[in-house]
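Written below as structure tokens is the structure these notes are about.
All values derive from a computational prediction rather than experimental measurement.
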Amino acid sequence: MTLRSLAFYGMLAAGMAAHAEPPPRPPIDSVPMAPIDSAPEVKLDLPVTAGPFAPTWESIERNYPGTPAWLRDAKFGIWVHFGPQAAGMSGDWYARKMYVPGTTAYNNHLRTYGHPSVAGYKEVLRDWNPVKLDPARLTDIYKDAGARFLIVQGVHHDNFDLWNSRYQPWNSTRIGPKRDLVGEWSRAARAAGIRYGVAFHHEYSWWWWQTAFGSDTQGDRAGVPYDGNLTLADGKGKWWEGLDPALLYNVDLREYKGVTEAAYSPWNPPPAGLFGRHTAYATWYATRWAQRIMDVVEHYDPDFIYTDGTGPQPFSGSHTGTGIRADATQRVIADFYNQTLKKRGKVDTFSIIKFRPDTNGTVNTEEGTIPAGIKSDQAWIAEVPVGDWYYGPDFTYDSGAVIHYLLEQVARDGNAAICISPLPDGSLDDGSVRMLKEIGAWMRINGQGIYGSKAWRVLGEGENGKLRTLPGGSIGKRQAEFRFGPADFRFTVGKDGALYAFSMAVPAPGSEIRIASLGAAANLLGKPVGAVSLLGHQGAPLRWKQEADALVISAPASMPFATAVAFRIE
């Protein structure tokens, strides 16, 4: 049964006879979203793997043993945010923006593929072939840079699965590279001895894709529909014969108020509510969303799963979960943990749900932001791209900016995952490779203050008692040009129990370094300072003294370090 037939049967519930043709689609932006306040949560007809975890939050929280220690040990990871949208060389969201005239993505698509009414995103999928993508080699590069885990993209908002998907024929084993990319990444991570998880961004593909149902409003092709309007029958005799476009682009939902405006906005989701005329389709969509994740869990045994969105759970009826209220998330997580228990004999995995408050069994994220203070209420991973989430020209590659970002997050009790977008062919450009090598060199010197660490009682300090923080947002020129001074510090407590004071700038040789938080009068350490050393320093022991208002350290005469240095304090 195709998606359009399911949408049609959803209309039958509103009183249409089974043999009748669907009525004309309501005008764009004319149908109010159905309210969610009085709507019960749909319980999907989708069984989960047998085990102690039932598909309810109560069961998940009661049975989950806690976030595994390996996440705190790992601390630093690479976000492998890569897929066919890289082909547009237009940064993030190429698949949606290529149907929006005037955008960089639209112009790049015209130049490379032609008009989206003739050659749409499906042709991008057909032609995309990252011949230089070598997950084993890239994983070695990432591990050498100090990364201890990978977040691997399984499916983005473009709705294209990057594995041998049982539930989505539009996938990378059938179209484009004809490779099981998730499988390749999973084998590479296992061989390298690092953890990996798979990320799923297809919850809101059904309204994210609405630009593909539009058309140009001016020019030679004004009013000519884009290829999102094609049907399965339209493919007869064409390269995509047998592939239903509705399984890629989903269905036209622009009749609902706010959907079109959201589709053409830089980010905003539609207003909260339900797609009331598409209840059967919505239930099918939520079920298929869950089945695709369960498919990956069953066949690739990831260390964690990641669901994208802006609400407390996918399919909540609001935020990015607009459209239906369903228990798809609970079913996915219960199945995941039961599968883990069955395969590993213990649950040492976790589930990332962005923006979900503290819940035993889930991990949160901070996307592009730096918390104001120490955040120890739940496990979390800070995530940010260098430049953008997909490749574009003229990114700024600066190892110092990435290291400072890592220090900001680790000092706040977080973990960090950095996206370094590969080129469309799957390779890294020279700037990325150089940056990763420099990060690796720094981590080999300073990693003992990072891996396995936790926040101290004080986040950091700055000149005149003012904490200066790296700018938020994607890592680029602003972060690279931000200058810390000799009074800027961040603190961690290492796995060895020692305190690590990271100077966010390399002190001048022979200079006097004052750390106010470690003055004897404040007694924040709970004992007198007994020893001070500088990570990576090979010369004579440091000269230091603990005064009432500060720990005073004399920098060595030679300081051959980059970006930041760490003082180990006992």
Check your understanding: So H404 and F482, ring pair (Phe, Tyr, Trp, His ring centres under 6.0 Å) or not? Walk me through it.
Key -> CA-CA 10 Å; H404 283 142; F482 188 85; 8.0 Å; no
For the pair T112 (side chain) and N108 (backbone), establish whether a donor and an acceptor sit closer than 3.5 Å, ignoring hydrogens and angles.
-> yes
What one should report as the nearest heavy-atom pair of Y249 and A212 is CD2-CB, 3.9 Å
Rounded to the nearest 0.5 angstrom, the CH2-CD1 distance for W442 and I403 is 5.5 Å
In short, A272 meets M33 closest at the heavy-atom pair O-CB, 4.0 Å
Exercise. Are any side-chain N or O atoms of T103 and backbone N or O atoms of P101, one a donor and one an acceptor, separated by less than 3.5 Å?
Worked result: no
One should read off an interatomic distance between K238 NZ and K236 NZ, to the nearest 0.5 angstrom, of 10.5 Å
request  = Look at the side chain of Q210 and the backbone N and O of V251, then say whether any donor-acceptor pair between them is shorter than 3.5 Å.
outcome  = yes
- Query: So, the side chain of R254 versus the backbone of F213: is there a donor-acceptor pair under 3.5 Å, distance only?
  - Reply: yes
Would you indicate whether R137, at its atom CZ, is surrounded by more than 12 heavy atoms from other residues, nucleotides or ligands within a distance under 6.0 Å? no
Paired with Y204, the side chain to side chain donor-acceptor pair (under 3.5 Å) test is passed by just one of T310, T320, T322, D308, namely D308
- Does the side chain of T173 pick up a donor-acceptor pair with the side chain of D180 at under 3.5 Å? no
Exercise. Step by step, work out the side-chain hydrogen bond (donor to acceptor under 3.5 Å, both in side chains) result for T369 and E366.
Key: CA-CA 6 Å; T369 55; E366 291 280 338; 2.6 Å; yes
Would you please indicate yes or no on a ring centroid separation below 6.0 angstrom for Y196 and F149?
no
- [ ] Report yes or no: does R221 contribute a side-chain atom to a donor-acceptor pair with the main-chain N or O of H115 at less than 3.5 Å?
- [x] no
message = Between W209 (side chain only) and D158 (backbone N and O only), is there a donor and an acceptor less than 3.5 Å apart?
response = yes
Side chain to side chain donor-acceptor pair (under 3.5 Å) pairs touching residues 420-434, sequence neighbours excluded, are Y397-D429, D425-S427, D429-S432
Sorted by chain and number, sequence neighbours left out, side-chain hydrogen bond (donor to acceptor under 3.5 Å, both in side chains) with T349 holds for T340
Query raised in the report: Ring centres of F315 and W289 under 6.0 Å apart?
Result: yes
*asked:* In this structure, is the centre-to-centre distance between the rings of F275 and W206 below 6.0 Å?
replied: yes
Indicate yes or no for a side-chain donor-acceptor contact from Q168 to the backbone of R292 under 3.5 Å, with no hydrogens or angles considered. no
Between the CG atom in D234 and the CD atom in E241, the distance rounded to the nearest 0.5 Å is 11.5 Å
- Task: Would you kindly say whether N171 and R174 are connected by a side-chain donor-acceptor distance under 3.5 Å?
- Result: no
query = Does NZ or CZ of R126 come closer than 6.0 Å to the centre of the six-membered ring of W240, within 45° of the ring's axis?
reply = no
I36 and G317 have their tightest heavy-atom pair at CG2-O, 3.6 Å
Contacts of W208 meeting ring-ring contact (aromatic ring centres under 6.0 Å, His included) (sequence neighbours excluded), chain-then-number -> W93, H157
query = Is the side chain of Q85 donor-acceptor paired with the backbone N or O of A95 at a distance under 3.5 Å, no angle test?
reply = yes
| query | Just checking, any donor-acceptor pair under 3.5 angstrom between side chains of T365 and E383? | reply | yes
Hits for ring-ring contact (aromatic ring centres under 6.0 Å, His included) against W128, two or more places apart or cross-chain, chain-then-number order -> F82
Hits for ring-ring contact (aromatic ring centres under 6.0 Å, His included) against F395, two or more places apart or cross-chain, chain-then-number order -> Y391
Worksheet item: Are Y306 and F304 near enough that their ring centres are under 6.0 Å apart?
Response: no
Value for CG (L428) from NZ (K132), rounded to nearest 0.5 Å, stands at 11.5 Å
query = Does a side-chain N-to-carboxylate-O contact under 4.0 Å join D303 and R190?
reply = yes
So CH2 of W163 and CG of L181: to nearest 0.5 Å the spacing works out to 11.5 Å
> With a 3.5 Å cut-off and no angle check, do the side chains of N164 and R179 form a donor-acceptor pair?
Replying inline: no
For the residue pair Q409 / R412, report whether a side-chain donor-acceptor contact shorter than 3.5 Å exists.
no
(request) Before accepting this row, confirm whether a basic side-chain N of the pair R25/D252 lies closer than 4.0 Å to the acidic partner's carboxylate O. (result) yes
Tell me if a side-chain donor or acceptor on K97 pairs with a main-chain N or O of T104 at a distance below 3.5 Å. no
- Near-ring test H278/Y256, centroid separation under 6.0 angstrom: yes
Quiz item: Does Q479 reach the main-chain N or O of G476 with its side chain, forming a donor-acceptor pair under 3.5 Å?
Solution: yes
Assess the side chains of Y106 and D216: does a donor N or O sit below 3.5 Å from an acceptor N or O?
yes
Sorted by chain and number, sequence neighbours left out, ring-ring contact (aromatic ring centres under 6.0 Å, His included) with H81 holds for W79, H156, H201, W389, Y390
Does the plane of the ring in H109 sit parallel, tilted or perpendicular to the ring in Y113? Use 30° and 60° as the thresholds. parallel
With side chain to side chain contact (heavy atoms under 4.5 Å, CB included) as the test, would you mind laying out the steps for L71 and N415 before giving the verdict? CA-CA 8 Å; L71 177 60; N415 309 273; 3.8 Å; yes
| query | Ion pair present between R166 and E298, side-chain N to carboxylate O less than 4.0 angstrom? | reply | yes
In this structure, CE of M98 is separated from CG of N107 (nearest 0.5 Å) by 12.0 Å
